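Model, not experiment: these values are computed from the prediction. Throughout, a chain's letter reflects where its sequence line sits, starting with A, and its residues are numbered from 1.
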2 protein chains.
Amino acid sequence: MSGTPRRDHAHATLKRRIVEAAYLPGHRLVERDLAEELDLSRIPLREALRQLAAEGLVVTVPGKGTIVAPVTPDDVRDLFDVREALEGLAARLAAERATDEGRARLRECVERARDVRGAEQINARADFHDELVALSGNALLADVLGGISARVRRLFHLTGDRDAEVQCAEHEALYEAIAVGDGVRAAELGVRHVTGGRAETIAAAEAWTGVDPEEATRTRRRRRAG
Amino acid sequence: MSGTPRRDHAHATLKRRIVEAAYLPGHRLVERDLAEELDLSRIPLREALRQLAAEGLVVTVPGKGTIVAPVTPDDVRDLFDVREALEGLAARLAAERATDEGRARLRECVERARDVRGAEQINARADFHDELVALSGNALLADVLGGISARVRRLFHLTGDRDAEVQCAEHEALYEAIAVGDGVRAAELGVRHVTGGRAETIAAAEAWTGVDPEEATRTRRRRRAG
DNA sequence: GCCAGAATAACGGTATACCGTTAACTTCGG
DNA sequence: CCGAAGTTAACGGTATACCGTTATTCTGGC
């Protein structure tokens, strides 16, 4: 055993490709092809696919196959509804339970995001969210929001992100509310921070053509060489 | 292929056993033993375990093994925090989006729960929640709450359920708020309905001895016959 | 040229078998 | 009798191989 199971490597690799939109919604995932490319057998690959399916990043039609999960405007609306509720909860709990060290770490995230640009800032902002959820001290919430944030990051890769300046300002306000322990205000700001990206992301989703999983997983024969 | 994959059967069977507390927290799940008992190979069984792990019902230590997920008092607190947020959201959305047929189905659930007793009532009450979430029209919410409600049902099997009369009354009030489309009140009642069971369930969880997954997945040798 | 039926490729589902690691049991020297 | 080294059972990780279903392509008759 080389430390981490090959299954975890496959899972991480495919997840990255899906989140970063290298694989678009509806993209067919053929087990034998992927196994060959990732240089492993189908067994660990299939286990990775099961995990991705549980995270909602792929859809498996029993006996047919697996595709990258399609995204409809309704899916996006649903995602924002749930995010609002959970980010609000996370912000409130963080305000109520944050320790001094936690507050310091969160402040660092705010400042780092302000100082950098581009992809680095996207990561810094993601760190802020991770830190905030960690501060909430709720492992289940961290888990659920982690899965959801993967979907959100995918959306942003598919549609483009919101104005960075605005988001940084919102993070700063959120930090302030948490720092002074104002749970109600933190929750409100957390909800609004989510709501901000809502309309434009749903609108962007209108453009995507729907994918029928049944149809997308049809057996297709490769064109013959000679 | 006999219609549904054997993996799904294994997943459903194990899930039932865990939720109904036939397998207690910390119970070791040995792949070869389960595969033999369920009369399938380890391949579909392992895939079922991956799904259960993603649902948080089992914990897998890489290279060591899998146990039924332990439950700490903090886990229970976390669960109720998240449930409050999501049941509140579900109730609000249901009130805002419910159709006449949906309202009718929900009312049926309320009445059926009032008319039956015992295990049948527990099922009827679960149906009410399922129907309510369905009414919310949010597939992601239904998915997340579905996973969470499995954990909650497990807790109730481990600790015992709350007073049935009270819960039916709360369901009825919730139904009324949804029927008249009062989202704010529905959300409030939904949250309170969750909060009701909170303290006593957390208290009950204090009794459970913690399980260290690392330690619980140690390779053990079976006692020899002769 | 067109359609029915046969041949076959594609691909998911699953059994079998082997490997490596870990820990329990055994054995042997002191 | 005890502790160290050797032996083997237990068990998760994974490769290989086969099966069955589905759909494409081929083929012969009209």
From NZ of A:K64 across to P of D:dT24 the rounded distance in Å is 10 Å
In this structure, CG of B:N138 is separated from CG of B:L89 (nearest 0.5 Å) by 6.5 Å
Given the options A:R105, A:E108, A:R107, A:E131 meets side-chain contact (heavy atoms from CB on, under 4.5 Å) only with A:R105
*asked:* Below the 4.0 Å mark, does C:dT14 have OP1 or OP2 next to a side-chain nitrogen or oxygen of B:S41?
replied: no
Sorted by number, residues from residues 43-53 of chain B placing a heavy atom under 4.0 Å from DNA chain C are B:I43, B:P44
DNA chain C nearest-nucleotide lookup for B:D8 and B:R218: closer to the 5′ end is B:D8
| message | When you measure from the side chain of B:S149 to the backbone of B:V152, do you find a donor-acceptor pair of N or O atoms at a distance under 3.5 Å? | response | no
Side-chain contact check for B:T219: nearest option of D:dG12, C:dT14, D:dC11 is D:dC11
Which of B:E84, B:H171, B:E87 passes side-chain contact (heavy atoms from CB on, under 4.5 Å) with B:H193? It is B:H171
By nearest-nucleotide position on DNA chain C, the 5'-leaning member of A:T60 and A:R220 is A:R220
In short, B:A91 meets B:I178 closest at the heavy-atom pair O-CG1, 4.0 Å
Separation of C:dC11 atom P from A:E36 atom CD, nearest Å, is 12 Å
Rounded to whole Å, CZ of B:R7 lies from P of C:dT14 at a distance of 6 Å
Checklist entry - In this structure, are over 12 heavy atoms from other groups packed under 6.0 Å from A:H9 atom NE2? => result no
Heavy-atom nearest pair, A:L132 first then A:L106, reads N-CD1, 3.9 Å
Heavy-atom closest pair (B:R198 atom, B:D81 atom, distance to 0.1 Å) is NH2-OD1, 2.5 Å
**OP:** Give a yes/no on whether any side-chain N or O of A:R6 is located under 4.0 angstrom from OP1 or OP2 of D:dA15.
**Re:** yes
Between CZ of B:R42 and C1' of C:dG13 the distance, given in whole Å, is 17 Å
**Prompt:** Do the side chains of A:Q51 and A:D8 get nearer than 4.5 Å, heavy atoms only?
**Reply:** yes
Between protein and nucleic acid, restricted to nucleotides 4-7 of chain C and to nitrogen or oxygen atoms under 3.5 Å apart, what atom pairs and distances do you find?
none

message: Determine whether A:F80 and A:T195 satisfy the following criterion, side-chain contact (heavy atoms from CB on, under 4.5 Å), listing intermediate values before the conclusion.
response: CA-CA 7 Å; A:F80 275 81; A:T195 311; over 6 Å; no
Note: contacts of residues 23-35 of chain B with DNA chain C (heavy atom, under 4.0 Å) are B:R32
Rounded to whole Å, the NE2-C1' distance (A:H11 to D:dG13) equals 17 Å
All heavy atoms of A:S136 vs all of A:V133, minimum pair found to be OG-O, 2.6 Å
